[in-house]
Number of protein chains: 2
Amino acid sequence: MRRSKKERQSLLVQTIKETPFITDEELAEKFSVSVQTIRLDRLELSIPELRERIKTVAKKTLEDEVKSLPIEEVIGEIIDVELDSSAISMLEIMPEHVFKRNGIARGHHLFAQANSLAVALINDDLALTAKANIHFTSSVKLGERIIAKAKVMNIEEKSGRTTVEVSSFVQSELVFKGHFEMYRSKNK
Amino acid sequence: MRRSKKERQSLLVQTIKETPFITDEELAEKFSVSVQTIRLDRLELSIPELRERIKTVAKKTLEDEVKSLPIEEVIGEIIDVELDSSAISMLEIMPEHVFKRNGIARGHHLFAQANSLAVALINDDLALTAKANIHFTSSVKLGERIIAKAKVMNIEEKSGRTTVEVSSFVQSELVFKGHFEMYRSKNK
DNA sequence: GCGCTATTAAGACTAGGTACTAATAGTAGT
DNA sequence: ACTACTATTAGTACCTAGTCTTAATAGCGC
């Protein structure tokens with residue numbers, strides 16, 4: 001069935017978006033026009049040729065693979081630690097930390113920064129988080145840097161159970177506050 | 001510098017693995033041999049041509065995208081959701097989730113599973129965590145599967161603020177319990 | 001020099017295009 | 001009906017990054 005030029009072109013855009021691996025010949029058949037018409041359409045709509053389309057898709061994959069490797073491992077960069085006393089770390093919010101819809105950082109990354117800082121702060125091989133009480137006071141956006149400051153509030157003599165307060169800031173604004181209770185395997 | 005055939009071929013395999021977007025001509029220059037030699041090498045080693053290599057990389061991306069669309073930004077695999085009511089997800093603890101020293105899962109991964117499940121549970125485009133009260137009741141080890149169960153406890157009429165309880169289990173043992181208070185942009 | 005492997009070259013062909021020129025079909029305005 | 005204009009189609013030369021095939025040459029062991 002023949003359609004108008006406009007109609008065909010908007011369908012063309014959609015078709016290529018859905019199935020990017022389609023050749024001009026297949027498109028010509030699909031829309032019952034000549035291959036030349038399809039090529040004129042692509043020219044007008046600035047849609048690159050099949051092989052270029054495939055290449056950009058493939059490039060995206062490679063970039064993603066490189067990116068997704070180190071992310072899970074490192075949660076912020078430790079700037080300063082005084083064991084069993086206080087510690088500071090910094091985390092820059094990158095695209096992989098945010099909700100795609102609104103560019104707001106997902107809560108668990110703020111938590112992860114604070115939690116790993118609390119763990120690093122404790123002078124023990126086997127520190128674990130037991131409880132936490134956390135508060136997200138303001139949303140953090142793509143590109144912002146979070147500075148998390150952790151402070152040991154109390155170490156119980158017998159059990160070694162340690163209370164840590166973590167406050168995270170973007171510039172001077174408080175974005176996260178957490179109260180952590182940590183286990184440790186050996187007493188201090 | 002010229003190398004023996006064997007040496008060149010093993011380097012060729014490695015080079016193509018690292019930089020799959022390399023043409024025969026570039027490879028020929030790199031190894032100081034003719035294009036034909038590179039083609040004979042690829043033939044012997046059953047390495048497909050550049051365009052085929054790009055295509056397979058791109059196909060992988062598309063498959064991944066299809067896969068990651070419904071799960072989108074959830075940590076763990078969603079098993080069941082009833083919006084604004086309850087949801088269940090599963091997370092298998094892999095080497096990247098644990099402390100290397102003792103094979104125990106880092107707390108923030110349990111939190112991330114619970115937090116993203118609470119977000120996914122809410123029938124709103126813009127759900128955010130406001131507060132959380134969490135408790136790590138037992139340590140989870142490498143290879144174990146965590147089943148997180150989330151339940152909406154209360155939705156405030158005016159603000160839409162939603163209370164979610166998440167309990168996570170390894171088999172029948174409770175490993176994590178969290179009380180989440182969530183914002184939403186539009187009221188229900 | 002003979003035999004062998006490795007390498008290089010040359011030619012014909014392929015897919016999936018680009019770039020350009022030119023012809024034709026169909027429709028609207030006057 | 002004639003003209004103007006857009007849309008479509010056709011055809012040619014050229015491109016990249018190959019394939020497949022045949023053939024020539026280089027280097028080495030013995």
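Please read these numbers as outputs of a predicted model, since none were measured by experiment. Just so we're on the same page: letters track the sequence lines, and every chain starts at 1.
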Exercise. Between Phe136(A) and Phe180(B), is the gap from one ring center to the other below 6.0 Å?
Worked result: no
Measure from the side-chain heavy atoms of [X] and tell me the nearest of [options].
| X | options | result |
| --- | --- | --- |
| Arg8(B) | dT9(D), dG17(C), dT7(C) | dT7(C) |
| Asp24(B) | dA6(C), dT19(D), dT9(D) | dT19(D) |
| Leu40(B) | dG16(C), dT7(C), dA17(D) | dT7(C) |

Integer-rounded Å distance: [N] [atom2] and [X] [atom1]:
| X | N | atom1 | atom2 | value |
| --- | --- | --- | --- | --- |
| Gln36(A) | dG17(C) | CD | C1' | 12 Å |
| Ile38(A) | dT18(C) | CD1 | P | 12 Å |
| Leu43(A) | dC20(C) | CG | C1' | 12 Å |
| Glu52(B) | dA17(D) | CD | C1' | 11 Å |
| Leu50(A) | dG16(C) | CG | C1' | 7 Å |
| Ile54(A) | dG18(D) | CD1 | P | 14 Å |
| Glu25(A) | dT18(C) | CD | C1' | 16 Å |
| Leu27(B) | dT8(C) | CG | C1' | 17 Å |

For this session: Tell me what Glu49(A) touches on the nucleic acid: a base, only sugar-phosphate, or nothing, going by heavy atoms under 4.0 Å.
Result: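 Answer is sugar-phosphate: Glu49(A) comes under 4.0 Å of backbone atoms only.
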For this session: Would you indicate what Arg53(A) reaches in the nucleic acid, counting non-hydrogen atoms under 4.0 angstrom: base, sugar-phosphate, or nothing?
Result: nothing
Problem set entry | DNA chain C: 5'-proximal contact among Lys55(B) and Gln9(B) (nearest heavy atom) |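 On the 5' side of the pair lies Gln9(B).
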[X] side-chain N/O to [N] phosphate OP1/OP2 under 4.0 Å:
| X | N | answer |
| --- | --- | --- |
| Arg39(A) | dT8(D) | no |
| Thr37(B) | dT7(C) | no |
| Arg42(A) | dT18(C) | yes |

Exercise. With a 4.0 Å cut-off, would you call Arg184(B) and Asp84(B) a salt bridge?
Worked result: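 The answer is yes: the pair qualifies as a salt bridge.
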Problem set entry | salt_bridge(Glu92(B), Arg145(B)) N-O dist < 4.0 Å |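 Looking at Arg145(B) together with Glu92(B), the answer is yes, because their closest N to O distance falls below 4.0 Å.
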Exercise. For the side chain of Arg51(A) and the base of dG16(C), is some donor closer than 3.5 Å to an acceptor across the two?
Worked result: yes
For this session: Output, in order, the C-alpha distance, side-chain angles, deciding distance and verdict of salt bridge (charged side-chain N to carboxylate O under 4.0 Å, His left out) for Glu156(B) and Lys158(B).
Result: CA-CA 6 Å; Glu156(B) 236 179 59; Lys158(B) 266 194 203 166; over 6 Å; no
Exercise. Just checking, any donor-acceptor pair under 3.5 angstrom between side chains of Glu181(B) and Thr129(B)?
Worked result: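 No donor-acceptor contact under 3.5 Å links the two side chains.
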